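When a ligand or atom number is given, it counts from 1 through the structure's own listing order. This one's a predicted model, so the numbers in the text were calculated from it and none came from an experiment.
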Amino acid sequence: MTDINALKTEITSEIEAARTPAALDDVRVTVLGKKGRITALMKTLGGMDPEERKTVGAALNVLKDEIAELIKSQEKALKKQALDERLATETLDVTLSTRPERSGKIHPISQTMEELVGIFGAMGFQVAEGPDIEDDWHNFTALNFPPGHPAREMQDTFFLPEDLSEEGERAKKLLRTHTSAVQIRHMQEHEPPYKIVCFGRTYRSDYDMTHTPMFHQMEGLYIDKNVTMAHLKGCLTDFVRSYFKLDDLPVRFRPSFFPFVEPGAEVDIGYIKKPDGGIKLGKAPDGEEQKWMEILGAGMVHPNVLKNCGVDPDEYQGFAFGMGIERLTMLKYGIPDLRTFFECDTRWLAHYGFDPLDRPNNAMR
Ligand code: FA5
């Protein structure tokens with residue numbers, strides 16, 4: 001027993017002297033390990049007479065538990081001490097300025113769409129959506145493009161490989177050539193009146209400085225019991241003046257043909273040529289030539305289109321309009337080449353893109 005008490009005192013002071021987790025682990029191995037001191041004593045129990053074995057065995061078990069407990073609490077104390085030391089030395093200087101970070105920019109197309117939602121939203125239009133992969137009926141036939149009519153060639157179409165499980169011209173799949181197909185889907189799925197705008201990608205086989213095979217359009221549709229051409233003119237005049245932020249921007253409605261409207265119009269805005277060859281939107285001063293550029297297509301929805309969607313043209317009528325979003329963006333922000341929108345050049349985006357924290361209408365704040 002005296003030996004056991006002496007051993008306990010010895011081991012306890014070894015544990016207290018271990019100042020690192022590694023040193024403590026060494027003590028644990030020399031005491032409780034396979035060849036440890038307590039383990040060795042346990043092995044001597046076999047040679048003792050039963051009475052002695054009983055008392056020494058019990059005492060050794062108590063010692064083993066006490067030592068294990070002591071090691072555990074020393075381990076805890078060492079961990080706490082290490083943490084205290086780290087907290088005391090690792091100070092955080094909150095006055096230091098942050099490291100420079102590359103911030104992202106909003107693509108000009110997204111910016112324009114945001115602005116358009118703002119303007120048409122304020123006029124009471126809601127946003128509708130439709131698929132990029134359309135069928136011939138929604139993209140052409142329902143919009144009063146007669147089958148085989150040359151009007152279909154106005155828009156160079158990407159047709160998808162024939163789907164043999166579907167039959168007939170009506171189901172022929174294509175990449176939508178304009179967002180006008182969304183009007184059709186919306187009218188089929190909802191009851192009038194309609195007051196919607198829709199945004200999305202459109203596709204045509206076309207490529208030069210002002211045309212790309214994929215581009216974005218915006219479409220508008222307003223159908224109710226008493227919508228007239230006067231509403232069309234008022235709505236679109238307000239829109240272009242608001243979008244370009246020019247109260248006196250000249251706006252001209254010029255007759256034009258689209259199969260899905262009657263009468264149809266193209267909307268032009270006024271500009272002047274600057275001496276350096278550039279252009280400036282706005283009214284020409286006295287004595288200077290007023291120039292015009294086309295900005296969007298519009299018209300009163302053709303009665304055949306309404307009938308195709310189950311809407312009675314004797315009860316409901318209204319107008320539709322459509323425009324290229326890249327074109328609007330290029331004009332407002334002076335971007336000369338449409339192809340650059342899709343080249344994914346981050347230098348271009350850094351130059352023409354928009355700071356997310358400085359959006360119109362404080363949308364992100
Ligand atoms: C249409 O697509 C009609 N759906 C618009 C419309 C809607 C008229 C409702 C009347 C009523 P258009 O083919 O003109 O119209 O195209 C509209 C605009 O899309 C063009 O003015 C142009 O800005 C843009 N656009 C057309 N093709 C391309 C292209 N390949 N790349 C970029 N923009 C294009």
Side-chain angles (χ1 to χ4, degrees), residues 108-109 112-113 116 120 125 128 130 132 134 138-145 150-158 174-187 194-223 227 229 231-233 235-236 239-240 243 253-269 292-306 309 317-332 335-343:
I109 292 289
T112 299
M113 293 205 274
L116 296 176
F120 284 101
F125 286 81
D132 286 24
E134 261 303 354
H138 286 93
N139 195 80
F140 290 127
T141 311
L143 284 158
N144 202 33
F145 286 80
R152 286 173 187 251
E153 280 147 35
M154 283 165 70
Q155 305 179 351
D156 278 323
T157 312
F158 291 114
L174 47 88
L175 294 177
R176 67 178 173 196
T177 57
H178 54 176
T179 40
S180 299
V182 181
Q183 295 179 27
I184 302 299
R185 288 190 178 272
H186 189 81
M187 287 195 277
Y194 308 111
K195 199 170 184 187
I196 53 147
V197 283
C198 106
F199 302 87
R201 283 186 284 265
T202 43
Y203 307 82
R204 295 184 196 179
S205 179
D206 227 347
Y207 190 70
D208 60 33
M209 251 180 98
T210 51
H211 296 86
T212 46
M214 189 282 293
F215 57 102
H216 296 76
Q217 280 194 347
M218 190 204 113
E219 188 84 9
L221 176 74
Y222 182 24
I223 304 281
V227 182
M229 188 86 184
H231 294 110
L232 178 157
K233 290 182 76 176
C235 171
L236 295 177
F239 155 63
V240 285
Y243 174 73
F253 292 79
R254 187 167 37 80
S256 184
F257 172 75
F258 300 95
F260 34 94
V261 287
E262 183 57 41
E266 270 174 333
V267 182
D268 298 338
I269 52 175
W292 297 97
M293 73 169 81
E294 180 245 314
I295 188 87
L296 58 94
M300 300 305 290
V301 176
H302 197 292
N304 288 349
V305 174
L306 296 172
C309 300
Q317 63 286 134
F319 63 86
F321 52 94
M323 60 193 95
I325 295 178
E326 285 79 3
R327 190 171 166 72
L328 285 176
T329 312
M330 288 163 80
L331 273 171
K332 184 163 173 180
I335 306 175
D337 190 331
L338 198 154
R339 294 167 295 194
T340 55
F341 279 77
F342 309 115
E343 283 170 354

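Atoms of ligand 1 lying under 4.0 Å from any heavy atom of L338, numbered from 1 in the order shown and given with element: 32 (C). Against a heavy-atom cut-off of under 4.0 Å, S180 is close to the following atoms of ligand 1: 4 (N), 7 (C). Atoms of ligand 1 found under 4.0 Å from any heavy atom of F215 (numbered from 1 in listed order, with element): 19 (O), 24 (C), 25 (N), 26 (C), 27 (N), 28 (C), 29 (C), 30 (N), 31 (N), 32 (C), 33 (N), 34 (C). Distances below 4.0 Å separate heavy atoms of G297 from the following atoms of ligand 1: 6 (C), 8 (C), 10 (C). In summary, the atoms of ligand 1 found under 4.0 Å from a heavy atom of R327, numbered by their order in the structure, are 23 (O). Atoms of ligand 1 found under 4.0 Å from any heavy atom of F321 (numbered from 1 in listed order, with element): 7 (C), 9 (C), 11 (C). Close approach to D206 involves these atoms of ligand 1, each under 4.0 Å from a residue heavy atom: 30 (N). Within the listing of ligand 1, atoms 18 (C), 19 (O), 23 (O), 24 (C) sit less than 4.0 angstrom from a heavy atom of G324.
Between the side chain of N139 and the backbone N or O of T177 there is at least one donor-acceptor pair closer than 3.5 Å.
The closest approach between any non-hydrogen atom of T210 and ligand 1 is below 4.0 Å.
Checking F341, F319, Y203, F260 against atom 3 (C) of ligand 1, the nearest heavy atom belongs to F260. In this comparison of R176, R204, Q183, R339, the heavy atom closest to atom 13 (O) of ligand 1 sits on R204.
The shortest N or O to N or O distance between E294 and ligand 1 is below 3.5 Å. For the pair H178 and ligand 1, the shortest N or O to N or O distance falls below 3.5 Å. In terms of polar-atom proximity, defined here as any N/O pair under 3.5 Å, E219 makes no such contact with ligand 1. Below 3.5 Å of separation, one finds an N or O of T212 facing an N or O of ligand 1.
Across M187 and C309, no two heavy atoms sit closer than the pair CB-CB, 3.7 Å. Summarising the geometry of V261 relative to A298, their closest heavy-atom pair is CG2-O, 3.9 Å, with the distance given to 0.1 Å. Taking every heavy atom of both residues into account, M209 and M330 meet most closely at O-CE, 4.2 Å.
Within a 6.0 Å sphere centred on CZ of R339, other residues, nucleotides and ligands contribute more than 12 heavy atoms. The 12-atom threshold is not exceeded at NZ of K233, counting heavy atoms of other residues, nucleotides or ligands nearer than 6.0 Å.
Summarising the geometry, atom CG belonging to L116 is positioned 8.5 Å from atom CE belonging to M113; distances are rounded to the nearest 0.5 Å. Note: M323 CE to T112 OG1 = 11.5 Å, rounded to the nearest 0.5 Å.
Centroid-to-centroid, the aromatic rings of H178 and F258 stay 6.0 Å apart or farther.
At a 4.0 Å heavy-atom cut-off, ligand 1 does not touch P213 at all.
Remark: R204 is not positioned above the aromatic ring of F215, lacking an NZ or CZ atom under 6.0 angstrom from the ring centre and at most 45 degrees off the axis.
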